[in-house]
Amino acid sequence: KNFREEGKPFHEMGLEEQILKASVIALARYEKADDGKMKAIINEFLKKDPDVTVHYNIGDEYPNSSYYPSEDKKYGDGVVIFFVGSPASMRMSVSYSGDRISGLADLPIELFKKKCKAPGA
């Protein structure tokens with residue numbers, strides 16, 4: 001059976017709507033493994049609804065965002081991962097570099113964190 005969400009696709013929503021719709025928003029930082037792989041390690045949950053089942057904890061690798069680097073590509077320092085529903089399933093991920101989220105129009109991470117913690121988020 002094909003699962004389709006009602007309304008417009010997640011990636012077409014505005015940021016506030018995405019934050020509202022997401023049941024979990026995780027921040028993962030790339031860490032180099034012994035074999036050269038860059039592992040996306042979840043180091044913070046910016047939003048996590050209390051009654052949501054999420055199959056990852058702080059310190060876990062999020063394998064879908066891990067990669068082996070190639071010279072002609074820039075990956076940033078990590079990714080912000082949006083999950084929807086329960087059990088939480090990934091809808092979108094955007095990369096960040098330094099303190100800015102390039103995939104969200106260069107939004108500063110601190111401002112994004114505030115938006116995730118805002119009442120009603």
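For this chain, numbers begin at 1 and follow the sequence in order.
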Inter-residue atom distance Leu104.CG - Met92.CE, 0.5 Å rounding: 5.5 Å
Separation between NZ of Lys8 and CE of Met13, rounded to the nearest 0.5 Å: 7.0 Å
Hydrophobic cluster membership, Ile19 vs Met90, 4.5 Å side-chain cutoff: no
Donor-acceptor pair, side chain of Ser95 and main chain of Gly76, under 3.5 angstrom: no
Over all atoms of both residues, closest heavy-atom pair of Cys116 and Ile25: SG-CD1, 3.8 Å
Pair Val80-Phe112, side-chain contact (heavy atoms from CB on, under 4.5 Å): steps then yes or no: CA-CA 10 Å; Val80 177; Phe112 181 69; 3.6 Å; yes
Worked check of side-chain contact (heavy atoms from CB on, under 4.5 Å) between Tyr68 and Asp35: CA-CA 9 Å; Tyr68 285 97; Asp35 64 355; 2.7 Å; yes
Common cluster, Val52/Tyr62, ILVMFWY with side-chain heavy-atom separation under 4.5 Å: yes
Closest contact, heavy atoms only, Tyr96 versus Val79: CE2-N, 3.4 Å
Closest approach of Ala88 to Val24 (non-hydrogen atoms, all atoms of both residues): CB-CG2, 4.1 Å
Common cluster, Leu15/Leu20, ILVMFWY with side-chain heavy-atom separation under 4.5 Å: no
For Ser66, the option from Lys37, Lys39, Glu61 that meets side chain to side chain donor-acceptor pair (under 3.5 Å): Glu61
Selection residues 46-57 - residue pairs positive for side chain to side chain donor-acceptor pair (under 3.5 Å), sequence neighbours left out: none
Closest heavy-atom pair and its distance - Ala26, Phe83: CB-CE1, 4.1 Å
Taking every non-hydrogen atom, the tightest pair across Ala22 and Phe82: CB-CD2, 4.2 Å
Separation between CZ of Phe45 and CD1 of Ile58, rounded to the nearest 0.5 Å: 5.5 Å
Check: Asp99 side chain, Pro108 main-chain N or O, donor-acceptor pair, under 3.5 Å: no
Value rounded to 0.5 Å, distance of CD1 in Ile81 from OG in Ser93: 6.5 Å
Short side-chain to backbone donor-acceptor contact, Ser23 and Gly85, under 3.5 Å: yes
Shared hydrophobic cluster for Ile101 and Leu46 (ILVMFWY, side-chain gaps under 4.5 Å): yes
Distance, nearest 0.5 Å, that separates CG of Asp60 from CG of Asn43: 11.5 Å
Heavy-atom pair with the smallest gap, counting every atom of Pro69 and Tyr75: CA-CE1, 4.0 Å
Transitive ILVMFWY side-chain link Ile109 to Val94, under 4.5 Å: yes
Lys114 atom NZ, neighbour heavy-atom count above 12 within 6.0 Å: no
Summary of side chain to side chain donor-acceptor pair (under 3.5 Å) pairs that have at least one residue in residues 103-113, sequence neighbours excluded: Glu44-Lys113
Under 3.5 Å: donor-acceptor pair, side chain of Gln18, backbone of Phe10: yes
